[in-house]
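Take a look at the structure set out below.
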Amino acid sequence: MFPLCKSILIIADGRRDIMERYIILASALSEEGHRVRLLSHSEHQPLFEKVSYGDAKFVPIQRDDHEDPDFIALMKNMNSELQQLVVHEPRLQAAMAKCDSAQFIELMRGMLEGREMCTSIVEDLSRYDADFIITGNQCEYFSSYFKKLRSISCINVSIKTVPVKQQLTKWMTLDNCMASLSLPRILSKSTNALKANKMTVNEELEQMTQLSLDLESACQDNESELVNTIVETIKLYYLENCPLRTHTHNIATTPTRNQTFATMA
């Protein structure tokens with residue numbers, strides 16, 4: 001048990017097998033006596049209801065079906081929400097200037113999906129204060145954002161390593177989405193700041209408290225080890241009150257009970 005009951009928000013997305021691990025983690029933490037909320041796209045709710053146990057709650061992100069609209073029609077009938085996205089996304093502005101309809105539609109789709117996620121997270125945190133945030137793959141940005149701007153303790157639990165180039169694109173999109181909600185940025189908006197933003201993302205990832213999980217050889221018998229690894233890591237984080245360095249745990253192996261799962265900084 002942690003020193004005190006904590007309110008924990010888990011932000012995750014991905015394939016069914018990946019989401020199942022986060023659902024089990026949420027359930028295990030709720031069994032430890034914590035108030036746990038798992039925020040993910042609504043398509044994962046049936047899996048959550050099937051797999052979860054304990055008192056963990058599921059917070060659905062409603063994913064709208066963003067069909068590719070006609071570029072000209074979109075330009076003529078742009079509502080205030082879309083206008084805000086364009087104002088805060090230089091790449092959209094550049095695509096408009098070049099009349100690159102394919103690039104514009106692709107970027108707009110990503111911005112709309114990102115804005116839905118950002119809106120859901122911000123609204124949930126406004127209703128329920130979180131003492132601790134756990135983020136999954138493709139959600140690392142939120143660990144950095146809320147630790148930096150809200151001083152919330154965060155840890156990233158990754159299933160796989162995502163290339164920095166791919167991370168940078170995701171972070172820039174989400175940062176622009178936050179700005180479109182009239183919230184602060186953590187990256188530069190300038191189109192000339194790509195190199196500086198890449199360095200920022202690199203630094204944030206290096207400083208981020210992370211636990212990497214190797215699921216390539218995972219089997220059902222070791223599923224409890226996965227949960228125990230993460231739970232013990234978070235306990236150490238609270239009990240020792242200091243950051244954890246990146247640590248990789250292969251759940252195909254069976255660590256001893258006294259093995260330390262994270263290296264203290």
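Excluded from the calculations below are hydrogen atoms, water molecules and symmetry mates; all remaining heavy atoms, backbone and side chain alike, are included.
Under the rule for a side chain to side chain donor-acceptor pair (under 3.5 Å), Arg127 has no partner lying at least two apart in sequence or in another chain. Scanning for side chain to side chain contact (heavy atoms under 4.5 Å, CB included) contacts around Ala130 gives Leu9, Leu125, Ile133, with sequence neighbours left out. Taking the salt bridge (charged side-chain N to carboxylate O under 4.0 Å, His left out) definition, one finds that Asp55 meets it with nothing, sequence neighbours left out. Checked against side chain to side chain contact (heavy atoms under 4.5 Å, CB included), Pro46 has no partners two or more places apart in sequence or in another chain. Remark: Lys148 engages Glu204 in a salt bridge (charged side-chain N to carboxylate O under 4.0 Å, His left out) (not counting sequence neighbours). Every residue two or more places apart in sequence or in another chain was checked for a side chain to side chain donor-acceptor pair (under 3.5 Å) with Arg150, and none qualifies.
Val157 has its side chain out of reach of Thr135: every pair of non-hydrogen atoms, C-beta onward, lies at least 4.5 Å apart. With contacts defined as side-chain heavy-atom distances shorter than 4.5 Å, the pair Ile8/Arg35 does not qualify. Residues Glu140 and Leu205 meet the side-chain proximity criterion, which asks for heavy atoms closer than 4.5 Å. A heavy-atom distance below 4.5 Å is not found between the side chains of Glu49 and Phe58. In this structure the side chain of Arg37 never reaches within 4.5 angstrom of the side chain of Ile10, judged on heavy atoms. Under the 4.5 Å side-chain criterion, counting only non-hydrogen atoms from C-beta, Ile134 is not in contact with Ile11.
Within the 3.5 Å criterion, the main-chain N or O of Ala12 finds no donor-acceptor partner in the side chain of His41. Panel note: side chain Ser7, backbone Asp129; a donor-acceptor pair is recorded below 3.5 Å. At distances below 3.5 Å, not a single donor-acceptor pair connects side-chain atoms of Asp175 with backbone N or O atoms of Trp171. Proximity of a side-chain donor or acceptor of Glu32 to a complementary backbone N or O of Ser30 within less than 3.5 Å is not detected. Between the side chain of Asn197 and the backbone N or O of Ser188 there is at least one donor-acceptor pair closer than 3.5 Å. At least one donor-acceptor pair under 3.5 Å links the side chain of Tyr145 to the backbone N or O of Pro184.
Of the inter-residue distances, the one linking Thr200 atom OG1 with Met172 atom CE reads 11.0 Å to the nearest 0.5 angstrom. We find the CZ-CG distance between Arg15 and Asp17 to be 4.0 Å, quoted to the nearest 0.5 Å.
For the 3.5 Å distance criterion, the side chains of Asp131 and His34 fail to qualify, holding no donor opposite an acceptor.
Using a 4.5 Å cut-off between side-chain heavy atoms of Ile, Leu, Val, Met, Phe, Trp and Tyr, with links allowed through other members, Ile186 and Leu183 fall into the same hydrophobic cluster. Using a 4.5 Å cut-off between side-chain heavy atoms of Ile, Leu, Val, Met, Phe, Trp and Tyr, with links allowed through other members, Met208 and Leu149 fall into the same hydrophobic cluster.
With respect to Lys198, the side-chain contact (heavy atoms from CB on, under 4.5 Å) criterion is satisfied by exactly one of Asn202, Leu194, Val201: Asn202.
Counting all heavy atoms, side chain and backbone alike, Arg115 lies closest to Cys177 at N-SG, 3.4 Å.
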